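Take a look at the structure set out below.
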Amino acid sequence: MRLRLEVNGRRRSADVPPMKRLLDVLREDFALTGTKEGCGEGECGACAVLVDGALVNSCLVAACQAAGTKIRTVEGLADGNAGATGLHPIQQAFWERGGAQCGICTPGMLMAAAALLATNAKPTEFEIREALAGNLCRCTGYVKIVEAVAAAARAKPSQRRTGRDAG
Amino acid sequence: MRGDSSTFEVVRPRGLAEALAELADPDRPMPLAGGTDLFVLLNDGRAPARRYLDLTLLDELRGIESSSAGLRLGARTTYTDLRHSRAILRRAPILAEMAATIGAVAIQNRGTLGGSLGNASPASDPAPVLLALDATVELARREGRRVERRTLALSDFFTGYRATAARANELVTAVSIPASSLSGWRYAYRKVGARRAQAISKVVAAVGVSDPARSDRPRHPAAARIAFGSVAATTVRAGAAEGVLAGRRLDPAAAAEARAALVAHDIRPIDDLRSSADYRTLVAGRILVTLLADLGGFSAADLLAG
């Protein structure tokens, strides 16, 4: 099928099998390899992206189901939201607070955090932990990740525009 | 993904009649909604079908309708929809409580009620809650040019391990909860998994009791509806335990008798990769007395000791 959709604000299209995973479309057809494959069965969240603002595991979505949607991947997180370092405030907070170690879970963590902060500007620690509960990290013990999301939430709202509004 | 995704075909109907026409064909495709179960199989190289019927474009399967008759939940209602619906939070908050225990955000955004019921996993979390709510399932099929619908009690829907009373040409289109279940009853829910998120149930249960506060005999439930998952080949109504509680004062003695009846007659747990029969039996009984204690306003401490 001819798949047409918007990825990180750009119109894209590709000829793909309709049941190809969105994860593989992003990585193979659009060369967006920031989105990682961890478990391939919806357990780990490494492949999490936003589809029309909603967090999904891209290993569980058929390409055809993404037709006409607006996708945001980790590569698009900083687009229009970058600070002086070129990073999105959530990325900046992960960097400053040691929220990333090996890095495999980090793109999914960032997208889950972006989905949370798009609808909840002042999350409690419980809400942060619930929002990240589908994203597994085998390095950090989660404490620094939770602290990084809390720090990003404290950043100025104008620096945090993302998620649903930004598509 | 193990296997080649290019070998699969997808039909993407834009309306229900068109979708049902596909299911009327002997070479019918398999319905696909949120994909949270199907893609686990596909990624493992265990494709259950070659052709799929993607329901993404069927807006008529979406929406939560609240009326004097009760609640009607379209088959494509997601767990996120349940958590945020004002009608659910006001009239059936137990469904929102259940939805919050499914996977995590990304799964709740994709998984659907219709998909869960159609899969008929005995580990379904919505199924016991919907059974306690005395829900009905709406099935639609194509007869010539007409769309025919029928309604089944959910208690008659699960016929065996991952088997349902739906015919091959039928699609689950909605789940309804009667108004009679939404007032005068109180509900409690408990799921036990390996952790609080991203876990499939080892044991899951929902209990409803007719509201003691509305009775002229306080704390005497006229009826109880009890349902358990992950303890038998299907989600089950616990008829023996319900029988113990019918018309009884809801107190520790009744709860202890209900637990004994549950374990002896209502559940048939097995050993599998997630848990053991012994653990499930122990925990199912403890969940029941805990939920009954919550609903009856007494302490379960003595019943849980030892």
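Nothing here was measured: the structure is a model prediction, and the numbers come from that model.
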In terms of heavy-atom pairs under 4.5 Å with chain A, the winner among B:A199, B:A106, B:A197, B:G35 is B:A106
Interface moiety of B:L42 toward chain A, non-hydrogen atoms closer than 4.5 Å
side chain
Sort B:A33 into side chain, backbone, both or neither according to what part of it lies under 4.5 angstrom from a heavy atom of chain A.
backbone
So, the part of B:L57 with a heavy atom under 4.5 Å from chain A: the answer is neither
Less than 4.5 Å apart, side chain to side chain, heavy atoms only: is that true for B:L117 and B:V175?
yes
Kindly indicate whether the side chain of B:L130, heavy atoms from C-beta on, has any atom under 4.5 Å from the side chain of B:V137.
no
B:L133 CG to B:M98 CE distance, which is reported to the nearest 0.5 Å
9.0 Å
Pair count under 4.5 Å, heavy atoms only, with chain B: among A:A67, A:A131, A:P18, A:A48, highest is A:P18
CG (B:L16) and CG (B:L55) are apart, to the nearest 0.5 Å, by 9.0 Å
Could you name the residues of residues 99-111 of chain A that have a heavy atom within less than 4.5 Å of a heavy atom in chain B?
none
What one should report as the nearest heavy-atom pair of B:A232 and B:P122 is O-CB, 3.4 Å
Looking only at heavy atoms and a cut-off of under 4.5 Å, which of A:C59, A:G68, A:A63, A:C44 has the most pairs with chain B?
A:C59
Take B:I287 and B:L291 through the test side-chain contact (heavy atoms from CB on, under 4.5 Å) and record every step on the way to the result.
CA-CA 6 Å; B:I287 288 176; B:L291 296 181; 3.7 Å; yes
Write out the donor-acceptor pairs between chain A and chain B under 3.5 angstrom, atom names and distance to 0.1.
unit_1 : atom_1 : unit_2 : atom_2 : d
A:G40  : O      : B:N43  : ND2    : 2.5
A:G42  : O      : B:Q198 : NE2    : 3.1
A:E43  : O      : B:Q198 : NE2    : 2.7
A:L55  : O      : B:N109 : ND2    : 2.8
A:C59  : O      : B:N43  : ND2    : 3.3
A:C64  : O      : B:R12  : NH1    : 3.1
A:C64  : O      : B:R12  : NH2    : 3.0
A:Q65  : OE1    : B:R110 : NH2    : 3.0
A:Q65  : NE2    : B:A33  : O      : 2.8
A:Q65  : NE2    : B:D54  : OD1    : 2.9
A:Q65  : NE2    : B:T56  : OG1    : 3.3
A:E130 : OE2    : B:R83  : NH1    : 3.3
A:E130 : OE2    : B:R83  : NH2    : 2.9
A:A133 : O      : B:R195 : NH2    : 3.4

Considering non-hydrogen atoms only, spot the tightest contact between A:N8 and A:D79 and give its length.
O-OD2, 3.7 Å
